[in-house]
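Because only heavy atoms are used, hydrogens play no part in the values below, and waters and symmetry mates are left out as well, while side chains stay in.
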Amino acid sequence: MSRFLNVLRSWLVMVSVIAMGNTVQSFRDHSFLSEKLYTGTPEFVNGLQARTFGIWTLLSSIIRCACAIDIQNRTLYHITLWTFVLALGHFLSEAFIYKTAPLTIGVMAPLIVASFSIIGMLIGFQCFPETQEEETARQKKRN
């Protein structure tokens, strides 16, 4: 396995652990979301919304940790990449379309993490060994 994929695995574990902490905070006290993320419209944040956010964050955390454990599983790798795309899309839309999450440090942090993770995972695609099918198809094109 390449050195880059090992670094990416460590990054995914770190992001996963941080997400676990955010999950706990979302269940413990929903004011966390209105004070750190959705500061544009804190009145929209309630316990139900916080728990939903917590479950979404927990699911993303589990997927990312599973990918770190089995980083050469292409299907899991793609799903993990999509967790970051969805997070980036969510926070960008909340910041620029719905105006519920102004660009504070609480919003910039997940935007930066998602962006760097997407870039890292796209670079990581180059480190995957060819599958048997890909190798066979490449050899057929040569002949």
Side-chain angles (χ1 to χ4, degrees), residues 1-139 141:
M1 182 178 337
S2 76
R3 172 178 263 162
F4 185 82
L5 285 180
N6 281 329
V7 170
L8 185 58
R9 289 174 77 182
S10 299
W11 172 259
L12 290 172
V13 168
M14 181 186 72
V15 169
S16 179
V17 168
I18 291 169
M20 292 274 189
N22 289 337
T23 297
V24 170
Q25 287 238 265
S26 294
F27 279 95
R28 196 174 57 89
D29 181 17
H30 74 269
S31 66
F32 158 76
L33 291 177
S34 60
E35 293 170 2
K36 302 290 184 203
L37 292 176
Y38 304 105
T39 58
T41 53
E43 66 275 7
F44 287 174
V45 179
N46 59 37
L48 175 61
Q49 194 267 337
R51 290 187 300 275
T52 302
F53 182 87
I55 289 294
W56 171 57
T57 305
L58 178 62
L59 178 60
S60 294
S61 174
I62 291 167
I63 291 169
R64 293 166 185 171
C65 188
C67 183
I69 292 167
D70 188 13
I71 200 156
Q72 293 187 348
N73 180 328
R74 288 176 182 259
T75 303
L76 186 55
Y77 194 92
H78 284 99
I79 293 168
T80 303
L81 175 59
W82 275 104
T83 67
F84 290 114
V85 171
L86 290 173
L88 182 66
H90 169 74
F91 286 109
L92 285 174
S93 67
E94 293 299 328
F96 296 109
I97 297 171
Y98 303 112
K99 310 278 193 239
T100 58
L103 291 179
T104 62
I105 189 68
V107 174
M108 290 300 294
L111 287 174
I112 292 168
V113 168
S115 299
F116 279 116
S117 299
I118 290 167
I119 292 167
M121 292 195 77
L122 291 174
I123 293 169
F125 275 127
Q126 306 304 313
C127 301
F128 273 89
E130 280 188 344
T131 63
Q132 186 66 34
E133 295 85 25
E134 291 170 339
E135 190 174 325
T136 303
R138 188 173 45 80
Q139 286 176 353
K141 284 183 183 178

Distance in Å, [X] [atom1] paired with [Y] [atom2], rounded so as to fall on 0.5 Å steps:
{"X": "Cys67", "Y": "Ile62", "atom1": "SG", "atom2": "CD1", "value": "14.0 Å"}
{"X": "Thr80", "Y": "Leu76", "atom1": "OG1", "atom2": "CG", "value": "4.5 Å"}
{"X": "Met14", "Y": "Ser117", "atom1": "CE", "atom2": "OG", "value": "8.0 Å"}
{"X": "Phe4", "Y": "Ile123", "atom1": "CZ", "atom2": "CD1", "value": "4.5 Å"}
{"X": "Lys36", "Y": "Asn22", "atom1": "NZ", "atom2": "CG", "value": "11.0 Å"}
{"X": "Thr23", "Y": "Leu59", "atom1": "OG1", "atom2": "CG", "value": "9.5 Å"}

What is the minimum heavy-atom distance between [X] and [Y], and which atoms define it?
{"X": "Gly54", "Y": "Ser26", "result": "CA-CB, 3.8 Å"}
{"X": "Gly120", "Y": "Tyr77", "result": "O-OH, 4.1 Å"}
{"X": "Phe128", "Y": "Ile71", "result": "CZ-O, 3.3 Å"}
{"X": "Leu88", "Y": "Ser115", "result": "CD1-OG, 3.6 Å"}
{"X": "Met20", "Y": "Leu58", "result": "SD-CD1, 3.7 Å"}
{"X": "Leu5", "Y": "Gly124", "result": "CD2-O, 3.9 Å"}

I'd like to check [X] versus [Y] (side-chain heavy atoms, cut-off strictly below 4.5 Å). Are they in contact?
{"X": "Thr104", "Y": "Val107", "result": "yes"}
{"X": "Ile63", "Y": "Trp82", "result": "no"}
{"X": "Val45", "Y": "Phe32", "result": "no"}
{"X": "Leu12", "Y": "Phe84", "result": "yes"}

Worksheet item: If you count the non-hydrogen atoms of other residues, nucleotides and ligands that lie under 6.0 Å from OH in Tyr98, is the total more than 12?
Response: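 No - once you tally the heavy atoms of other residues, nucleotides and ligands closer than 6.0 Å, there are 12 at most.
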
Practice prompt. Report yes if the distance between the aromatic ring centroids of Phe125 and His78 is under 6.0 Å, otherwise no.
Written response: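 Close enough - the centres of the two rings lie under 6.0 Å apart.
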
Discussion item. If we ignore hydrogens and angles and just use 3.5 Å, is the side chain of Ser61 paired with the main-chain N or O of Thr57 as donor and acceptor?
Written reply: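 Not confirmed, Ser61 side chain does not pair with Thr57 backbone.
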
Discussion item. Between Leu8 and Met121, is the side-chain contact (heavy atoms from CB on, under 4.5 Å) condition met? List the steps.
Written reply: CA-CA 7 Å; Leu8 185 58; Met121 292 195 77; 4.1 Å; yes

Discussion item. Which residues pass the ring-ring contact (aromatic ring centres under 6.0 Å, His included) test with Phe53, not counting sequence neighbours?
Written reply: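 Per chain and number, Phe53 pairs via ring-ring contact (aromatic ring centres under 6.0 Å, His included) with Trp56.
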
Item to complete: Give the intermediate values and the outcome of side-chain contact (heavy atoms from CB on, under 4.5 Å) for residues Ser34 and His30.
Response: CA-CA 7 Å; Ser34 60; His30 74 269; 5.5 Å; no

Item to complete: Let me know which of Val113, Leu81, Thr83 forms a side chain to side chain contact (heavy atoms under 4.5 Å, CB included) with Ile118.
Response: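 Of the listed options, the one satisfying the test is Leu81.
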
Item to complete: Please report the C-alpha distance between Glu94 and Tyr38 in whole Å, then the side-chain angles of each, then the deciding distance to 0.1 Å, and finally whether the side-chain contact (heavy atoms from CB on, under 4.5 Å) criterion is met.
Response: CA-CA 8 Å; Glu94 293 299 328; Tyr38 304 105; 3.9 Å; yes

